[in-house]
Structures are given as structure tokens and as C-alpha cells.
Amino acid sequence: MAGSTALVTARENGSFTAVHEAFWAAARSARGDAAGTRALIEVLLLHRRMPAAAVQQGMAAAIRAGATTADVVAVEARKAAALVPEPAEDSGEETDPPPWAEPSGVVSLTARRAQLPEDKRPLPTVSHYDQLLKCQPKGTA
């Protein structure tokens, strides 16, 4: 895929954007080249059913959350699709920061876990089930 004619063409005509590049790089970094490229392909297939702007916002949210899966992109893209207005004329100038650099509504469980107080409860035990091991099945004695 990296050297494919389709990718070169998509980059030239602008349909493979900076957020696509960032998602692909993050996916390859997290999962390796083959699995990261598969994740990108799954995301590209979302473009068949969803507006491009929504998919790009979904990728941006996934990057911010550190979750490089097509499922996360799809969920975030669906949320964005409900909020995305009709596309306006493109002036060719990009004045806003890249969407993956903005704060996200996606909560990182790793970051959230660090904010929680220490769990001081004892570990669960299954020792009360040991009595079942001592029982003999009916008919055997």
C-alpha cells in the first residue's frame, strides 16, 4: 500500500489528508506495519458510508485517545456526523490547528485510572468453593 498508485493519486488530489497520514503512522507505531495498514484500510472503507469530514474527525478523536482501531473511528465519526454542517467553499488555506491536536471528549482510561484513589479492598477469594471439591458425586462411594 505504501507505494501504490492509488495512494500517490489520493495524496496528490488531497483526499488522503494529514489526519489520514497521522492515523496511519499512529496505527503502524502501535500495531506494526501490517496490522496498522489493515486498520487504515478499515477506516478508509468507512468513507463509503459516511461523510469524509466526519471520518476525519473520527480519526482525529481516535488519535487523541490513543486508540487506533476502526471501531473507535466509526463511533467518533458517527458522533461527528450528527454535528457536521454542510461543507463550505474551501479557500485553500488551513488556519485551524490539525484536528488531532485539539482536546477530545474521549476519555483515556489509562489517564483516568491514574486519578482514582488506591483500591484497598482485599483480593477476591474462591476458597469457599473448595468444599465442593470434597463432595463425591452421587452413586460413587
Side-chain angles (χ1 to χ4, degrees), residues 1-88 90-141:
M1 168 131 174
S4 70
T5 304
L7 182 59
V8 170
T9 304
R11 283 178 174 148
E12 287 174 356
N13 70 20
S15 59
F16 196 82
T17 64
V19 74
H20 287 91
E21 295 281 2
F23 180 84
W24 192 18
R28 286 184 299 171
S29 174
R31 303 163 153 235
D33 285 340
T37 300
R38 275 192 298 276
L40 174 69
I41 291 168
E42 290 176 16
V43 168
L44 292 176
L45 292 174
L46 291 174
H47 283 284
R48 291 179 173 177
R49 300 184 310 267
M50 306 180 86
V55 175
Q56 290 172 7
Q57 288 180 356
M59 285 187 290
I63 292 167
R64 287 190 300 265
T68 55
T69 66
D71 293 337
V72 171
V73 173
V75 168
E76 292 301 317
R78 284 185 193 106
K79 289 195 300 190
L83 304 174
V84 173
E86 290 297 316
D90 187 17
S91 65
E93 295 181 23
E94 190 171 314
T95 57
D96 295 333
W100 59 90
E102 298 172 8
S104 169
V106 178
V107 176
S108 166
L109 293 180
T110 305
R112 176 75 177 115
R113 203 172 286 125
Q115 297 171 355
L116 295 175
E118 181 182 350
D119 186 4
K120 296 184 179 184
R121 296 177 295 178
L123 291 175
T125 178
V126 293
S127 61
H128 55 280
Y129 288 104
D130 287 345
Q131 66 183 339
L132 297 174
L133 297 174
K134 297 175 187 172
C135 295
Q136 294 291 322
K138 289 184 179 181
T140 60

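A distance of 11.5 Å separates CD of Glu42 from OG1 of Thr37, quoted to the nearest 0.5 Å. Rounding to the nearest 0.5 Å gives a distance of 9.5 Å between CG of Leu40 and CG of Leu45. Rounding to the nearest 0.5 angstrom, the gap separating the CD atom in Glu76 from the CD atom in Gln56 is 15.0 Å. Once rounded to the nearest 0.5 Å, the distance linking CG of Leu46 with CZ of Arg78 reads 7.5 Å. Taking CE of Met59 as the reference point, atom CD of Glu21 lies at 10.0 Å (rounded to 0.5 Å).
Inter-residue side-chain proximity for Leu44 and Trp24 is flagged as unmet; no heavy-atom pair is nearer than 4.5 Å. The shortest side-chain heavy-atom distance between Val43 and His20 does not fall under the 4.5 Å cut-off.
Partner of Tyr129 under the side-chain contact (heavy atoms from CB on, under 4.5 Å) criterion, out of Leu133, Thr125, Leu132: Leu132 alone.
Closest non-hydrogen pair, Ala60 versus Val19, comes out as N-CG2, 3.9 Å. Of all the heavy atoms in Ala27 and Ala39, the pair that sits closest is CB-CB, 4.3 Å. A pairwise comparison of heavy atoms in Ala80 and Gln57 identifies CB-OE1, 2.9 Å as the closest pair.
Side-chain atoms of Asp71 and Thr69 include no donor-acceptor pair closer than 3.5 Å.
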